[in-house]
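Chain naming here is simple, since letters A, B, ... match the order of the sequence lines and numbering starts at 1 in each. For the numbers below, each heavy atom of this structure counts, side chains included, while hydrogens, waters and symmetry mates do not.
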There are 2 protein chains.
Amino acid sequence: MARSEDGGDKKPLERLGVREIAKRVGVAPMTVSRVLSNPDMVAPATRAKVLEAIEAAGFVPNRLASSMKGNGRIIGTVVPPLINSGIAEQVQGMSDECQLGGYSMLLVQGEFTTEAEEASIRTLLGWRPAGMILQSFVQSEVARQLLVSSGAPVVEISEIKGRQPIDMVVGVSNFETAYAMTMHLAAKGYKRIGFVSTPIHGNDRLQQRRTGYHAALTELGIENHASLEVEVPITAAGGAEALVTLTERHADIDAIFFSSDTLAIGAVQECHRRGWAIPDRIGIAGYGDMDLAAQLYPPLTTVKVNRYEMGRRAVRQLLDRLGGKQKLATITSLGFEIVDRESA
Amino acid sequence: MARSEDGGDKKPLERLGVREIAKRVGVAPMTVSRVLSNPDMVAPATRAKVLEAIEAAGFVPNRLASSMKGNGRIIGTVVPPLINSGIAEQVQGMSDECQLGGYSMLLVQGEFTTEAEEASIRTLLGWRPAGMILQSFVQSEVARQLLVSSGAPVVEISEIKGRQPIDMVVGVSNFETAYAMTMHLAAKGYKRIGFVSTPIHGNDRLQQRRTGYHAALTELGIENHASLEVEVPITAAGGAEALVTLTERHADIDAIFFSSDTLAIGAVQECHRRGWAIPDRIGIAGYGDMDLAAQLYPPLTTVKVNRYEMGRRAVRQLLDRLGGKQKLATITSLGFEIVDRESA
DNA sequence: TGCAATGATGGTACCGGAACCATTCGATGA
DNA sequence: TCATCGAATGGTTCCGGTACCATCATTGCA
């Protein structure tokens, strides 16, 4: 395709750089650089020649080098296991928005232990990202310090209220959502409502959801019983197991609010297995409104939170800040919706 | 926490580098660099002092700089939308393995159009990754050329057979899996078996699955009818829709093989809605064995492919190559399993 | 006609680790 | 006692794009 006219063209290794291209065209390296980042500063004729040479040589500019001059184009992010419901959508949203803004996304898997979190953040900072997006609040004080002194903007996707954010926050009020769903269930006539979640410890979101559930019950004049709450792994099997546990503990339980659709769907399957009618025998509510929720039989009543949008927004915040559009720390609360379907 | 003893310590910006650390400790920059990458070459006493200074200053070495010297620590990957079933697990596997090997993962969203693919690969190459992992075969000839001349090892996670791979391949034989499942359904007594997939065009995997389905039917002495095949979007609703379409077209259809569990699950829900007994009225088979498949009511017969492992293996191949353990192009075929449950 | 303003382009240093080679020094052996 | 060797450490340069400033050529306007 690219024919070799002058001696050194014959597809050498990847030993190409602006200097090499410049030499071939007969201009200065700076001019080539300008064609790449500020095309308007270069005369059309020159620009065309440079672009042609770039094309012919299959030259791909080294972003590492330009990043070193301070124009980082990496958005770093630490996420919990992608398999968890909702995270994938969120990452998708982040990725899409990154690409739109011309940034690349560096993805680091983060556990929730303090030291793992710190390690993840160290790794990220090593790449001198233009900005960072973190799931839930940063626990480690050291990591917090590192982030602040890095000077890069940070978005925490998390619970809206609570701890002091490092910089910006995007999220929903998990308290509100859970409160609203619990009240919704009560309004539908359910008297004894259980609450099932994945392990709560160290997870702001879940803590807030449980608190919201508690607050609603209290407001309804219902006493909170720890025996109405269960923690299970985030799998369909976990949901089924929780249903079994709770109905064994309380024969009169008439509704269960699951902190994740995955769990709720598992519970619905368990009901089918037992021949229990939903919502007559027991009402089931989920959280997340994943794709399957609406298609489920019976359709799942759930809290709809737009995780994709959450991811997009987080990146947008970052890019706006980088673009100098806003200086201040911001907290963006996305709305939510109680999707009332037939399962409760 | 870190107290400032000598004048210049008081947490300046992020203007730290090996040179600065070296100055503070009273050694040469090279020594600091060695502490970071070849600690054994530095005397324990010196090393300790350097580490202490690093710790105190909150210094995080700049990986961009070291990457420029040829020790890239980025594994780049282009993936289809994460929301698609299975991809999330796979990315998880890749990510875990990357971290184990001390690499960071750059994630680029890739569409399946030729130009989008090319753009994604260009972006990736800009970061001079140590290796790359691509989903399905690369279509664009230009992109292919770029990849080859980049000199970095490439793993395509795709269909095992077929096109000439760029370098290494990890995957399963989609032909085999679909062939096996179709034969399995026939062995269970199903006579008229439909095939539902997401859009096949440009997707090697799906093409091979369909071919496997065709081959099995042919071997069974059954003629292939295009009317037994439907393409729908990869959602539960799509699966339900496909079930409707096929049963309307062929009243005598007695089993449907879905190319994704998500579709199959949607179809199962549709059956519940219609009060159709599974597998008596119709048999349903999926592909992927996602978490929910086993918990579904009735449990879903499906093809189990370990996507997580696939991701892990892909990265492992890359790292082995980088470590010089193997030189040749390899094709790794992972096994699969027909999980016979009650839905068919 | 002359000189400042504008636009296009070139030269060079720099970002921050690390490869490469040089140097220092104490220990060992003949 | 001195040559030899290896371990520890230092000095310099380079990777490749680009910020910064300098240099021209051209144009506008007093």
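- Taking atom CE of Met41(A) as the reference point, atom P of dT6(C) lies 15 Å away to the nearest angstrom.
- For Gln109(A), the side-chain hydrogen bond (donor to acceptor under 3.5 Å, both in side chains) test picks out Gln92(B), Ser95(B), with sequence neighbours left out.
- Rounded to whole angstrom, the span from the CG atom of Asp40(A) across to the C1' atom of dT6(C) amounts to 16 Å.
- Within the structure, every side-chain polar atom (N or O) of Asn38(A) is placed at least 4.0 Å from both OP1 and OP2 of dA19(D).
- At a threshold of 4.0 angstrom between heavy atoms, the contacts of Ser66(B) are confined to the sugar-phosphate backbone, with no base atom among them.
- Using a 4.5 Å heavy-atom cutoff, the side chains of Val79(B) and Met94(B) are in contact.
- Judged by distance alone, with hydrogens and angles left aside, the side-chain atoms of Asn38(A) form no donor-acceptor pair with the main-chain N or O of Asp40(A) at under 3.5 Å.
- Remark: P of dC14(C) and CE of Met68(A) are 13 Å apart, rounded to the nearest angstrom.
- As judged by a 4.0 angstrom heavy-atom cut-off over every strand, Val32(B) is placed among residues making no nucleic acid contact.
- Between its opening and closing five pairs, the helix from dT1(C)-dA30(D) to dA30(C)-dT1(D) changes axis direction by 50°, a value rounded to 10 degrees.
- A salt bridge does not link Glu52(B) with Lys49(B): every distance from a Lys NZ or Arg NE/NH1/NH2 to an Asp or Glu carboxylate oxygen is 4.0 Å or more.
- In this structure, Thr31(B) reaches the sugar-phosphate backbone alone: every heavy-atom distance under 4.0 Å involves primed, P, OP1 or OP2 atoms, never a base.
- For Arg34(B) against dG10(D), a side-chain-to-base donor-acceptor contact under 3.5 Å is present.
- Distance, Lys69(A) NZ to dG16(C) P: 9 Å, rounded to whole Å.
- If you check every strand for non-hydrogen atoms under 4.0 Å, Ser67(B) touches nothing.
- No engagement by Arg63(A) is indicated, since no non-hydrogen atom pair under 4.0 Å with the nucleic acid exists.
- Computed from coordinates, the Leu36(B) CG to dA19(C) P distance equals 12 Å when rounded to whole Å.
- Under the 3.5 Å distance criterion, the side-chain polar atoms of Arg34(A) are left unmatched by any main-chain donor or acceptor of Val42(A).
- Between the P atom of dG16(C) and the CE atom of Met30(B) lies a distance of 17 Å, rounded to the nearest Å.
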